[in-house]
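For reference, the structure discussed in these notes is given below.
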Amino acid sequence: MALWTCATCGAQFPDSVNPPTACPICEDERQFVGWSGQAFLTREELARKHRLVGRDDLGLTGIGMEPSFAIGQRALLVPDGDGCVMWDCIPLATDEAIQHVAALGGLLRTGGHFAGATVLHYARGADGKGALLTGDIAQVTMDRRFVSFMYSYPNYMPLNAAAVRRIASVVEPLAFDRVYGAWWGRNIASGAKAAFAASVARYLAAIA
Ligand SMILES: [Zn+2]
């Protein structure tokens with residue numbers, strides 16, 4: 001029996017002798033099937049072709065895969081009490097990475113996205129000014145001064161206004177000065193509360 005991982009999106013599947021026949025994430029209208037067709041790797045193949053790297057990303061420890069795999073996001077470890085919250089997931093775990101996380105105090109829980117989209121408010125982040133870890137629920141733009149929203153990134157389907165207003169209303173009461181996005185360096189270092197509000201206004205104006 002093998003543990004299978006989708007080569008296009010990184011979703012993991014229960015162990016089975018043969019790979020899955022399809023990936024429901026890739027077949028969803030928000031994702032896509034790889035141009036060469038659906039492909040799956042065993043955990044051993046994944047570990048042979050990629051390694052995990054840990055490095056600082058604006059004051060938090062990030063863990064990502066090299067070379068980049070699937071959508072290329074990195075996970076963040078947020079200090080919390082005696083351990084860490086692991087924010088966002090990556091499709092590979094190695095003994096070395098597990099030992100590294102354990103040395104930082106271990107994990108308390110994990111966060112996820114896609115169905116049941118979630119953002120994490122790290123109140124003690126950004127030197128006590130608060131930080132928001134958004135994954136790709138609010139995507140930090142390349143100029144790192146705004147966030148934006150999409151229903152599907154690879155297929156360029158914008159998120160509707162009602163959903164964006166709902167996100168804005170949830171975030172509005174939270175105090176934060178920094179936003180950590182889903183990829184290495186894709187963060188808004190400071191002034192993120194105002195940047196978030198300006199981003200929502202800009203987005204809603206753009207799709208009006
Ligand atoms: Zn997939």
Side-chain angles (χ1 to χ4, degrees), residues 1-55 57 61-78 85-98 100-101 107 109-120 133-142 147-160 163-164 166-167 179-187:
M1 300 270 262
L3 288 163
W4 300 98
T5 299
C6 174
T8 305
C9 75
Q12 295 176 316
F13 293 83
D15 53 337
S16 60
V17 174
N18 297 311
T21 54
C23 170
I25 303 296
C26 286
E27 291 192 341
D28 188 282
E29 64 176 352
R30 284 165 284 185
Q31 181 58 20
F32 61 94
V33 174
W35 292 5
S36 302
Q38 196 77 70
F40 297 88
L41 289 86
T42 64
R43 177 176 290 175
E44 291 73 23
E45 287 172 321
L46 203 57
R48 228 176 10 250
K49 294 178 178 175
H50 301 268
R51 67 189 187 105
L52 290 180
V53 294
R55 61 171 184 260
D57 197 1
T61 298
I63 299 178
M65 292 173 68
E66 279 187 0
S68 180
F69 177 72
I71 64 172
Q73 84 280 17
R74 50 93 178 96
L76 290 171
L77 294 170
V78 182
V85 175
M86 189 171 191
W87 177 252
D88 229 340
C89 301
I90 46 176
L92 177 66
T94 63
D95 289 340
E96 187 184 17
I98 291 168
H100 179 68
V101 172
L107 297 180
R109 54 190 181 273
T110 60
H113 70 93
F114 215 70
T118 309
V119 298
L120 176 71
L133 281 67
T134 62
D136 60 3
I137 303 311
Q139 170 88 294
V140 175
T141 56
M142 285 302 288
V147 296
S148 193
F149 311 90
M150 291 288 267
Y151 181 68
S152 167
Y153 290 95
N155 296 332
Y156 306 116
M157 297 162 71
L159 194 62
N160 66 58
V164 172
R166 187 167 62 245
I167 292 170
V179 166
Y180 288 89
W183 285 269
W184 293 114
R186 292 284 286 271
N187 311 309

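For ligands, and for the atoms within them, numbers begin at 1 and follow the listed sequence.
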| message | Using every non-hydrogen atom in the two residues, find where Ile137 and Phe149 come nearest and quote the distance to one decimal. | response | O-CD2, 3.5 Å
| Sub-2.8 Å protein N, O or S atoms surrounding the Zn ion (ligand 1) | Cys6 SG, Cys9 SG, Cys23 SG, Cys26 SG
| said: Looking at every non-hydrogen atom in both residues, tell me the closest pair between Arg74 and Asp88 and how far apart they are. | reply: O-CB, 4.2 Å
| Nearest heavy-atom neighbours spanning Gln73 and Trp183 | N-NE1, 3.3 Å
| query | Which pair of non-hydrogen atoms, one from Ala97 and one from Leu52, has the smallest distance, and what is that distance? | reply | CB-CD1, 3.4 Å
| query | Does atom CD of Glu45 have more than 12 heavy-atom neighbours, drawn from other residues, nucleotides or ligands, at distances under 6.0 Å? | reply | yes
| Would you say Asn155's side chain and Met157's backbone share a donor-acceptor pair under 3.5 angstrom? | no
